[in-house]
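Inspection log for the structure reproduced underneath, given as structure tokens.
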Amino acid sequence: MSAIVDYSYYSTVYMGTEADNVSFPALCARALDVVGAMTRWRVTEDNIDQYPAHVQTLYKKAICAQADFFAVNGLDSVTLAAGSDNGFTVGKVSVHGRSGAWISGRLSDSIAPLAVDYLEQTGLLNPSVPVTDWPMLGGWFGC
């Protein structure tokens, strides 16, 4: 289970009701993977304390919202749906179910809208990634 969010936090601080104590570890582990991928793995158990308190709170709430999403929709059905785009083709025209999604790729159907709402307020969805930490280049450059 994640040291970032535990069942006590989920049930008493976040006030989640969709997951029980038995199912929460699996839901939380998968939710942490999705939220981690969305934020490009910037936040870890080792560095979460380096972020401002409000960012830590919103990050934890995003994990809880994602766990609720999985609890309501089911881990298996959401994971399977993420691999299909529910598109269709008529003649030379193709329509894909993911068009217009804020995030593209296999995870787009598996992301809780509330998790996105929390993370948008943190700056962790910024797409720039560190390229190098070589000091002569000024630390890192966003791409």
Side-chain angles (χ1 to χ4, degrees), residues 1-89 93-143:
M1 178 168 357
S2 166
I4 294 175
V5 174
D6 59 13
Y7 186 75
S8 176
Y9 182 91
Y10 170 79
S11 61
T12 60
V13 177
Y14 181 74
M15 302 295 224
T17 58
E18 300 299 333
D20 59 24
N21 195 23
V22 174
S23 62
F24 183 76
L27 296 168
C28 183
R30 189 72 57 85
L32 187 59
D33 287 345
V34 170
V35 171
M38 290 170 57
T39 59
R40 291 168 172 60
W41 310 104
R42 288 182 176 99
V43 180
T44 65
E45 292 178 29
D46 296 330
N47 74 2
I48 191 167
D49 293 336
Q50 297 173 5
Y51 288 90
H54 74 283
V55 171
Q56 292 179 42
T57 299
L58 291 170
Y59 188 81
K60 291 176 182 182
K61 286 183 175 186
I63 294 169
C64 292
Q66 188 64 45
D68 272 351
F69 184 82
F70 285 145
V72 169
N73 295 297
L75 279 175
D76 294 334
S77 63
V78 171
T79 303
L80 292 173
S84 66
D85 68 2
N86 300 323
F88 62 91
T89 302
V93 177
S94 294
V95 176
H96 299 282
R98 284 194 194 99
S99 59
W102 81 274
I103 188 170
S104 62
R106 296 180 55 89
L107 287 177
S108 64
D109 294 332
S110 301
I111 296 173
L114 184 56
V116 175
D117 290 344
Y118 286 132
L119 292 173
E120 283 179 336
Q121 306 308 310
T122 65
L124 294 170
L125 294 179
N126 181 341
S128 65
V129 294
V131 177
T132 181
D133 59 358
W134 194 41
M136 292 182 69
L137 293 176
W140 64 273
F141 296 93
C143 292

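The structure displayed is predicted, hence computed values, not measured ones. What's counted below: heavy atoms across the whole structure, side chains too, no hydrogens, waters or symmetry copies.
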Separation of L114 CG from D68 CG (nearest 0.5 Å):
8.5 Å

Exam field: side chain S23 to backbone A19, donor-acceptor pair closer than 3.5 Å
no

Minimal non-hydrogen separation, A65 against A112, with atom names
O-CB, 3.9 Å

Quick check on side-chain contact (heavy atoms from CB on, under 4.5 Å): which of T122, I4, I48 does Q56 satisfy it with?
I48

Measuring from atom CD1 of I63 to atom CG of D33, what distance do you get when rounded to the nearest 0.5 angstrom?
10.0 Å

Does P113 have any side chain to side chain contact (heavy atoms under 4.5 Å, CB included) partners at least two apart in sequence or in another chain, and if so, which?
F69

For A67 versus A31, what's the shortest heavy-atom pair and its separation?
N-CB, 3.5 Å

Geometric cation-pi criterion K60 and Y9, 6.0 Å radius, 45° cone
yes

By side-chain hydrogen bond (donor to acceptor under 3.5 Å, both in side chains), which residues pair with N47, not counting sequence neighbours?
T44

Tell me if a side-chain donor or acceptor on Q66 pairs with a main-chain N or O of K61 at a distance below 3.5 Å.
no

Are L119 and T39 close enough that some pair of their side-chain heavy atoms sits under 4.5 Å apart?
yes

State whether a side-chain donor-acceptor pair under 3.5 Å links D20 with Y7.
no

Answer with yes or no after comparing the ring centroid distance for F24 and Y10 against a 6.0 Å cut-off, counting only values under it.
yes

Using 0.5 Å steps for rounding, measure from the CD1 atom of I111 to the CE atom of M38.
4.5 Å

Can you name the nearest heavy-atom pair linking W41 to L32, along with the distance?
CZ3-O, 4.2 Å

Donor-acceptor contact present, side-chain R30 to main-chain L27, <3.5 Å
no

Can you list everything that forms a side-chain hydrogen bond (donor to acceptor under 3.5 Å, both in side chains) with T57? Sequence neighbours excluded, please.
none

